[in-house]
There are 2 protein chains.
Amino acid sequence: MSEGLRLRVHAAVNELGYVPNVAASRLASSRTHTIGVIVPTLYNVIFAEYLFALHEVLIDAGFQVLVVNSRYSEIEEENAIKALLGQRVEAIIIAGIHHTALSRQLLTQANLPVVETFELSDDPINLNIGMSQEHAGYVATRHLIERGFRRIAFLTGNLDHRAQSRFDGYHKAMRDADLPSAEIIAPKPRHSSVALGSELFAMAHECGNVPEAIFCTDDSLALGAMQECRKRGIRVPDDISIIGFHDLEFAACVSPSLSSIATRRYETGKLAAEKVLAALEAGAKPDMEQTDLGFALLPRESTSG
Amino acid sequence: MSEGLRLRVHAAVNELGYVPNVAASRLASSRTHTIGVIVPTLYNVIFAEYLFALHEVLIDAGFQVLVVNSRYSEIEEENAIKALLGQRVEAIIIAGIHHTALSRQLLTQANLPVVETFELSDDPINLNIGMSQEHAGYVATRHLIERGFRRIAFLTGNLDHRAQSRFDGYHKAMRDADLPSAEIIAPKPRHSSVALGSELFAMAHECGNVPEAIFCTDDSLALGAMQECRKRGIRVPDDISIIGFHDLEFAACVSPSLSSIATRRYETGKLAAEKVLAALEAGAKPDMEQTDLGFALLPRESTSG
DNA sequence: CTGAAAGCGCTAACAA
DNA sequence: TTGTTAGCGCTTTCAG
């Protein structure tokens, strides 16, 4: 094609605002260059950071990322899987390891790379990148027990699978130490927020039900609880110790600084994306493989009383 | 079709994991049932809440939502627009009113409903739902001026268009009151976070550059600044007043509670989605129309010194 | 290198 | 109601 013609075509393309129809292209080539991602919510920084990493890797590799949220519902997740398969995505990256039977079947039969993230599965569909939420819950609780506290409560707004696993870890640690469990759980499921942490703490306080230490499923809840303590003249960590989860960006810089369990959601996303690219490169569904990204206990001022 | 056959087909569908190819369906029907949404970032609760509302309305109406993030870059936004048009989305909802010339042209020529959100445009492409960021900045600053402060600084991590407009409003208010402007801006653009607020305040404090009041572009920054004050023994609001922006969920429940400007991102998303549905229903690109959703000043403890 | 034509997997329109 | 068929807008292959 001559240079002149090329230019005229380009001009016409711009003039007319022509944009190729990807549906046609996908149908004809049977390549979609699209990766499907399922997350339970977009309302949570954890997933924002994870998605950020996924995008970074996948977009740069020329893939489109299709994000669907399942609103913490396994049946919505099943619909999301169908929708993504209908789009003929080339791989699926899905948060969590609990799916309906049909979801599992579809993911297995689809014969494409599947990554389950954030938890460790006993029976991965294909790839699995995560950490032991239960062990992390155990370690956080042990930290409080080792500080000498006996009345330790677990605080959460909802009990999705990951929160439940942390709760299980908490129970195990308490049982191992012969201590009674106590819980501060929202009457109806609510997503974690500073406001909710403050609300739940206030509720517990008004019931005269204030423990020596609290393990919150989430740093936002922990911050809310700390703020509510201040309002009520309860000193952290002198009167009460608080530990959060995830080591959100504010944990280190609030005052008192917040003890937490650092989790690796950026790395989770990055690794998931890289594994998917490698599998697509190799042109075959990869062998089953599990990666434990671990976590880290970060003791700070809020539990140093 | 007989009931028996219907059942056998269903069984086969499940057995084989058959899922229809949407690319083929789209091509054949020239309906995609997909709405394109462009946001500058997924890292910001503001957009999470907005997307939540959009999803809620559009998914229920049987549409798929394709979210692309432009990372605050007009050229990435242009690519996003091309990608969405290539997908033959039936409408585009885009945050912001500043686009490249080609972006505008594509959006105009595409002949589909387009909603620009979060700001008010002098020259909307089609639909426009937002608020005056500049006026909101003006009102926040006036609030501090009326409290009697003279040395008032503006604090931000970056100056995207919306932050810039608030900054413009701040400047105007200061000028109108014959007061000198002062700014605490991150040396290199950073997204808002508690950690950054704390960092920027620390930086200013170390330069001996501490004003009587600060207007932060964002409640997260404001919270960070407040935390850093506490660390440094500066009392809020006795020694310094702080006002944030957006009225994030924690603003009312932190201690001291944070004055802020409430913005309506949920309503923005909801209304945008509803207008799009109405337009699609009507089957024609809607007439140009602008909606000002306004904002509200919320004075709280952090500016009551 | 350029051009022509088949066909991807559906939908929709029409015929039976 | 059911069955048949053209064709959506590309990619790919194959012939020129």
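Everything quoted here is computed from the prediction, not taken from an experiment. Quick note on labels: first sequence line is chain A, next is B, and so on, each numbered from 1.
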Rounded to whole angstrom units, what separation is found between the CG atom of Leu85(B) and the P atom of dG9(D)? 15 Å
Mind checking Ser29(A) for me? I need base, sugar-phosphate or nothing, with any heavy atom below 4.0 Å counting as a touch. sugar-phosphate
Using atom CG of Leu27(B) as one end and atom C1' of dC10(C) as the other, report the distance to the nearest whole Å. 8 Å
Select one nucleotide: of dG9(D), dC10(C), dT11(D), the one nearest the side-chain heavy atoms of Arg88(A). dC10(C)
Side chains of Glu116(A) and His99(A), donor plus acceptor under 3.5 Å: yes
Under 4.0 Å between a Lys/Arg side-chain N and an Asp/Glu carboxylate O for Glu289(B) and Lys275(B)? yes
Would you indicate, yes or no, if dC10(C) has its OP1 or OP2 atom less than 4.0 angstrom from a side-chain nitrogen or oxygen of Tyr18(B)? yes
Could you tell me how far apart Arg31(A) (CZ) and dG9(C) (P) are, to the nearest whole angstrom? 16 Å
Value in whole Å for how far the P atom of dC8(C) lies from CD of Gln87(A): 21 Å
Considering only heavy side-chain atoms of Pro20(B), the closest of dC10(D), dG9(C), dC10(C) is dC10(C)
Is Arg162(A) paired with Glu119(A) through a side-chain N to carboxylate O contact shorter than 4.0 Å? yes
Nearest whole Å is fine: how far is dC10(D) C1' from His33(A) NE2? 14 Å
Between Glu134(A) and Gln164(A), a side-chain donor and acceptor under 3.5 Å: no
Whole angstrom value for the distance that separates P of dC10(D) from CZ of Arg26(B): 15 Å
Can you check the Leu16(B) CG to dG9(C) P distance for me, whole Å? 15 Å
